[in-house]
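Every value quoted in this text rests on a predicted model; they were computed, and no experiment measured them.
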Protein chains: 2
Amino acid sequence: MISPETAELRILDAAETLFYGRGIQAVGMDEIRSTSGVSLKRLYQLFPSKGELVQAYLRRRDVRWRQKLAAYAEAQATPEESILAVFDWLHEWFGEPDFRGCAFSNSFGELGATSSAVAETARAHKEAFFRYLTGLTAAAGKPASLGDHLALLAEGAITTAAITGSAEPAHQAKAAARVLLEAA
Amino acid sequence: MISPETAELRILDAAETLFYGRGIQAVGMDEIRSTSGVSLKRLYQLFPSKGELVQAYLRRRDVRWRQKLAAYAEAQATPEESILAVFDWLHEWFGEPDFRGCAFSNSFGELGATSSAVAETARAHKEAFFRYLTGLTAAAGKPASLGDHLALLAEGAITTAAITGSAEPAHQAKAAARVLLEAA
DNA sequence: CAACGGAGAGAATGCTCGTTCTCCCCATCC
DNA sequence: GGATGGGGAGAACGAGCATTCTCTCCGTTG
């Protein structure tokens, strides 16, 4: 028997791949089981309902996504470079073969109206992202409004890249961000 | 008996209210029937499957949405004012009580991975929107890249307004748009 | 060794939903 | 008037799915 920790990891990995890749309602618990290799009994012991598994998936993805973004941005030499690096990181993300847009926007569109938990998780994710960008602009001595504007650009690039299937919106957003950054 | 044209209108109105308001998979054909007052038999005569009804809903919404935007923008005196008016129009839209983001982004997030028809309709809508904005910037003697940048801002504002439940992103996007417009 | 408790496989349950079918009514036409 | 055809209401069908239950197996403990 695999350890509970390993089982939980496998379940969350399967949930992330499947929920993100195909949508939450399109994936049944049976498919989570077969992909993770963890029996339904154990699955329900660890996550008492599909809704709780969805929340766990979203929470873990939120933390990881923002950590990866922060690690990339913080590897830059100056605050200005960190800001522009956000859009380089987006470009890399958009190019990943399984990229399908923002997991939070997608789950909000799918379930936001019926699940307040999903709606709230999406809201918290976007708020954290906006706060992160305003933190970067503050470090560069720029106003918080610039952070909001850059966040809107990034948000738009994510949606547009997902729907058009192109990574180009990241470059477009970066060019616009550069103009805003220099004007601020 | 109501005329086929009236029945079709009622069905599409019900579909739009329900699909947009709660998500496509969350709404059953039975609810379309009870809301529209059109019997299931006639419903299936006019739209042979739920998928076709979804496509009809999206197609009509695409046309109407872009018409309303264009009417608002074209009521302005100068090309520059038309461009900025796009964001005023967004602000009005965000303030509507049933606003729940972009119907195309939402349906893409929900069904884009499983339905190529939905994915394609969403893509066509975004492309038309981008083309409309680059047309506005061309009329103002500005490069097409400005149109793309403004479209990203608008797109980000829509998503952010939907998730946070605030109309404020329209104002933020307009402020950023003004900077980009004056710099271009 | 024998009882036990927890684990896996997967069947069973109960519900939802897309789609079709049945049955009945009524307006039209001979 | 009586046949007919199209329409409405809603039951029926079949599939999918979240969740639970059953049965069997095996490792542990006394």
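- For the pair A:Arg61 and A:Tyr20, the distance from NZ or CZ to the six-membered ring centre is under 6.0 Å and the angle to the ring normal is within 45 degrees.
- Residues A:Leu12 and A:Phe47 meet the side-chain proximity criterion, which asks for heavy atoms closer than 4.5 Å.
- B:Phe47 has its CZ atom 16 Å from the C1' atom of C:dT19, to the nearest Å.
- End-to-end axis angle for the helix from C:dC1-D:dG30 to C:dC30-D:dG1, using five pairs per end and rounding to 10°, comes out at 30°.
- Remark: C1' of D:dT19 and CD1 of A:Ile32 are 15 Å apart, rounded to the nearest angstrom.
- Among all heavy-atom pairs drawn from B:Ala177 and B:Phe87, the shortest one is CB-CE1, 3.5 Å.
- A salt bridge links B:Arg33 to B:Asp30: at least one charged side-chain nitrogen sits closer than 4.0 Å to a carboxylate oxygen.
- Rounded to an integer number of Å, the gap from A:Arg42 CZ to D:dC21 P is 19 Å.
- Whole-Å rounding puts the B:Glu31 CD to C:dT19 P distance at 16 Å.
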What nitrogen or oxygen pairs link the protein and nucleotides 13-18 of chain C at under 3.5 Å?
| unit_1 | atom_1 | unit_2 | atom_2 | d |
| --- | --- | --- | --- | --- |
| C:dG18 | OP1 | B:Val27 | O | 3.4 |
| C:dG18 | OP1 | B:Lys50 | NZ | 2.6 |
| C:dG18 | OP2 | B:Met29 | N | 2.5 |

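- Between the CD atom of B:Gln45 and the P atom of C:dC21 there is a distance of 13 Å, rounded to whole Å.
- A salt bridge links B:Glu127 with B:Arg131: at least one charged nitrogen is closer than 4.0 Å to a carboxylate oxygen.
- The CG atom of B:Leu153 sits 10.5 Å away from the CG atom of B:Leu90 when rounded to the nearest 0.5 Å.
- Tested against B:Arg22, the residues B:Glu110, B:Glu16, B:Glu31 include a single salt bridge (charged side-chain N to carboxylate O under 4.0 Å, His left out) partner, B:Glu31.
- Across the protein-nucleic acid pair, A:Lys41 atom NZ and D:dC26 atom P stand 15 Å apart, rounded to whole Å.
- In this structure, CG of A:Leu40 is placed 10 Å from C1' of C:dG8, rounded to the nearest angstrom.
- For the pair A:Leu43 CG and D:dC17 C1', the interatomic distance rounds to 14 Å; values are reported in whole Å.
- At a threshold of 4.5 Å between non-hydrogen side-chain atoms, the residues A:Glu155 and B:Glu155 do not count as touching.
- In this structure, B:Arg60 does not pair ionically with B:Glu8, as no charged nitrogen and carboxylate oxygen lie closer than 4.0 Å.
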